Enquirer: 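Could you have a look at this structure, given as structure tokens, before my questions?
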There are 2 protein chains.
Amino acid sequence: MAVTIKDIAKYAGVSVTTVSRALNGYPDVSEETREKIKKIAEELNYSPNSIARGLVTNKTHTVGLVVSELIKPGAYHPFFLEILAGIKAGLRKDKYDLILYTVDPASQDVTPYEKLCNDRKVDGAIVEGLKLSDPYIEEIKNTDIPTVLIDIPILNDKVGYVSSDNVQAAFEATSYLIKLGHKNIGFINGHNDAAVSFERLEGYKKALYKNNIPYKDEYVVFDDFTQDGGYNCFRKMIFENPEITAVFHASDLMAIGSLKAAQDLGMRVPDDISIVGFDDIELSSLITPDLTTIRQENYKIGYMAARHLVSIIKGEKPKHIVVPHRLVIRQSAKKI
Amino acid sequence: MAVTIKDIAKYAGVSVTTVSRALNGYPDVSEETREKIKKIAEELNYSPNSIARGLVTNKTHTVGLVVSELIKPGAYHPFFLEILAGIKAGLRKDKYDLILYTVDPASQDVTPYEKLCNDRKVDGAIVEGLKLSDPYIEEIKNTDIPTVLIDIPILNDKVGYVSSDNVQAAFEATSYLIKLGHKNIGFINGHNDAAVSFERLEGYKKALYKNNIPYKDEYVVFDDFTQDGGYNCFRKMIFENPEITAVFHASDLMAIGSLKAAQDLGMRVPDDISIVGFDDIELSSLITPDLTTIRQENYKIGYMAARHLVSIIKGEKPKHIVVPHRLVIRQSAKKI
DNA sequence: GAAAGTCACCAAAACGTTTCGGATACATCA
DNA sequence: TGATGTATCCGAAACGTTTTGGTGACTTTC
């Protein structure tokens, strides 16, 4: 039998109203009795029943984290942990709890976004790793549940988003390759079902244009962000366009796939071909040659998403937050 | 204004009692009215308020996942995601929600385990990644909150645990090296603050003993499970005992650290020195040479932990569940 | 034909909070 | 003096469920 506000009231000889007001820092209660109540609460080891509180306030001090099926055996999200750690850190200050939803497409028809959030009475949600074609996306465009998306540009009265400046990042990576003397630069992009793919393509094109290098459709291929995707794309691209001397990738996993493919083809990296990735996952610095890539501050992305979400919950206006990236120069790209 | 059980009652011309009983599959309500009520609930898009329900039933259908500060920038838990994915899968059937606690030692004094769980009214918790010296451990030994630990042997009325058979696994790994002809086998173990370290040491000793190889204290060192730990231990061990031809490790990260150290010392793996790891993290198959190691089925460990937890919540007796491991033979160990 | 059993339903309490609308006692003001 | 203000407190309603202990009406049993 946990101790309730009633026990305290009885003990202190006051009403439950007064106990509630005292403990929650309201006025209308003398300092003297407030201290007495606090002391008793302390002694009885009282802690408020969050469920009961939630029932009346309609707030749970809990936010949801919605990730897609990216957490599944054999295809683990490469930097989910970093984002998660950032989110937890961002939530800590305001003492929000985090409840984790992993949605698999099979059950999404059954449980739409709003139902998911309402059933569990979360005060808001962070959404990460959804594809553009995901049914949740349309729903989120019109929701009034405080929501912050990661890497998905939606903005309205209650929803904001945070991301890197993907256009600029891709621009810098490509420009770097150009500066190294490369002219025939391939781009192995992510699938069309991610907003970042379009942005990164734009940055790639921009860099070519600025340096008067003609854009060629056949130098750009799309695939999912995985290692296998990179492996296959690279083989095909190099086979059809042997003049290519450098390849920029929309993910490190794909870059690593290319690296393997190159090695299997007897090409040396970076001597025969330069490779640049995107993300700077942990693995990138551990392989040989280690990967030149764009570092995304995923911890910070998570942190900012969390901070922004609580600000939206508190009534502030949603916005687009961009967190800085930077080009990390290692061994996989070389001057020609 | 969400639709409540009252609205349905009014609409159907019955009492709220009847609606509740109808919807929850109790007897005492005719099939006819049950169908009517269900239909109305459907039409009104009713979904029960879990908070209100939780208040009266004192159950939330939520479990906590307690992990230590392992999720922090720069030191991400190498297989947490696999465990997490397994847990989520194990919870899905019974529709338990998961709320994530990351405890940092700083706040543990302030928030003891039971308070953590009670405040949020979880029905039970899974605990992972805690050190033996963690204050929570003592508390959990006597708790009556349904709890399942991973890799920490505590068993009582409400708490069980799941782990690999670490003794056997270490035994197999060491035996494998012996079978390859190695006699001077080092063991870079994890720190003393983990139960698995003792078990793995026991397995290592057992294998030596069975093969009539004398155990030497100086062949065994302890450190944390990290790459840096492995790196430093390896240098020291080889420097002081150059006759060693093989090293078994309590984690893949440490094995990779040794691998780097060996390379920096101009030793070739596996030609000059054989290396065996433990865990089979993703990275292990991607490095060169890829790592011979003990595969832990972390997804399954998570899954079993979740299943066992719900069974404890439902009143079954806690036990120790051991999930199978297996020796994965790759390139980092070689016959001499 | 009375007692007992069954079926379908309901009113009200309970869970532990917060909050609204007073109420009391005393001091202050014109 | 009467009115007004202020500080401190309280009773009761409300949140949306589940559950307890009924109550009639109708059947069955002896």
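A quick note: this is a predicted structure, and the numbers were derived from the prediction, not measured. Lettering of chains follows the sequences in order, A, B, ..., and the numbering in each one begins at 1.
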Enquirer: Tell me: NZ of B:Lys121 to C1' of C:dG16, nearest whole Å?
Expert: 9 Å
Enquirer: Whole angstroms only, please: what is the NE2-C1' distance between A:His61 and C:dT17?
Expert: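 It is 16 Å, rounded to the nearest whole Å.
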Enquirer: When you check the side-chain N and O atoms of A:Thr17 and A:Ser20, is any donor under 3.5 Å from an acceptor?
Expert: no
Enquirer: Check the distance between C:dT19's P and A:Asn24's CG and give it to me in whole angstrom.
Expert: 8 Å
Enquirer: Could you state the atom-to-atom distance from CG of B:Asp28 to P of D:dT18 in whole Å?
Expert: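 Going from CG in B:Asp28 over to P in D:dT18 covers 15 Å.
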Enquirer: Scan A:Pro48 against the nucleic acid and name what it touches under 4.0 Å (heavy atoms): base, sugar-phosphate only, or nothing.
Expert: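 Here A:Pro48 touches the backbone only, sparing every base.
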Enquirer: Rounded to the nearest angstrom, tell me the gap between atom NZ in A:Lys36 and atom C1' in D:dT8.
Expert: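 Distance check: A:Lys36 NZ to D:dT8 C1' gives 13 Å.
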Enquirer: Starting from C1' on D:dT18, measure out to CG on B:Leu55 and report it in whole angstrom.
Expert: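 Nearest whole value for this atom pair: 10 Å.
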Enquirer: Is the phosphate of C:dT18, meaning OP1 or OP2, less than 4.0 Å from a side-chain N or O of A:Ser20?
Expert: yes
Enquirer: Hey, does the side chain of A:Thr18 come within less than 4.0 Å of D:dC10's phosphate (OP1/OP2), counting only N and O?
Expert: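 For D:dC10, OP1/OP2 do have a side-chain N/O of A:Thr18 under 4.0 Å.
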Enquirer: Would you call B:Lys39-B:Glu42 a salt bridge at under 4.0 Å N-O?
Expert: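 So B:Lys39 does not pair with B:Glu42 through a salt bridge.
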Enquirer: Please check if the side chain of A:His320 supplies one atom and the backbone of A:Ile154 the other of a donor-acceptor pair under 3.5 Å.
Expert: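 Side chain of A:His320 to backbone of A:Ile154, a donor-acceptor pair under 3.5 Å: no, none is there.
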Enquirer: Any sub-3.5 Å donor-acceptor pair from B:Asp97's side-chain atoms to B:Thr62's backbone N or O?
Expert: no
Enquirer: If we ignore hydrogens and angles and just use 3.5 Å, is the side chain of B:His308 paired with the main-chain N or O of B:Lys319 as donor and acceptor?
Expert: yes
Enquirer: Check the phosphate of C:dA8 against B:Tyr26, side-chain N and O only, distance under 4.0 Å to OP1 or OP2. Yes or no?
Expert: no
Enquirer: Given D:dC9, is OP1 or OP2 found less than 4.0 Å from the side-chain N or O atoms of A:Ser30?
Expert: yes
Enquirer: Does OP1 or OP2 of D:dG16 have a side-chain N or O of B:Thr4 closer than 4.0 Å?
Expert: no
Enquirer: If you find the nucleotide of DNA chain C closest to A:Tyr46 and the one closest to B:Arg21, which residue's nucleotide is nearer the 5' end?
Expert: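 The residue closer to the strand's 5' end, by nearest nucleotide, is B:Arg21.
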Enquirer: Check the distance between D:dA14's C1' and B:Ile51's CD1 and give it to me in whole angstrom.
Expert: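 The answer, rounded to whole Å, is 16 Å.
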Enquirer: From C:dC10, C:dC9, D:dT18, pick the nucleotide closest to the side chain of B:Ile5?
Expert: D:dT18
Enquirer: If you go through the side-chain atoms of A:Thr17, does one of them form a donor-acceptor pair with the base of C:dT19 closer than 3.5 Å?
Expert: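 Per atom types, the contact qualifies.
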Enquirer: Any side-chain heavy-atom pair from B:Thr143 and B:Lys158 closer than 4.5 angstrom?
Expert: no
Enquirer: Could you tell me how far apart A:Asn58 (CG) and C:dT18 (C1') are, to the nearest whole angstrom?
Expert: 12 Å
Enquirer: Check whether any side-chain N or O of B:Thr33 sits under 4.0 Å from OP1 or OP2 of C:dC9, and answer yes or no.
Expert: yes
Enquirer: Going by the rule side chain to side chain contact (heavy atoms under 4.5 Å, CB included), which residues pair with A:Ala194 if we only count those two or more places apart in sequence or in a different chain?
Expert: A:His191, A:Val196, A:Ser197, A:Phe225
Enquirer: Which nucleotide sits closest to the side chain of A:Val29: D:dT17, C:dT18, D:dC9?
Expert: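 Closest nucleotide among those given: D:dC9.
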Enquirer: Closest to the A:Asn49 side chain: D:dA12, D:dT19, C:dG16?
Expert: C:dG16
Enquirer: With axes from five pairs an end, tell me the bend angle of the helix from C:dG1-D:dC30 to C:dA30-D:dT1, nearest 10°.
Expert: 50°
Enquirer: Spell out, as yes or no, whether a donor-acceptor pair under 3.5 Å connects the side chain of A:Ser68 to the backbone of A:Gly129.
Expert: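 Yes; judged by distance alone, with no hydrogens or angles, the pair exists.
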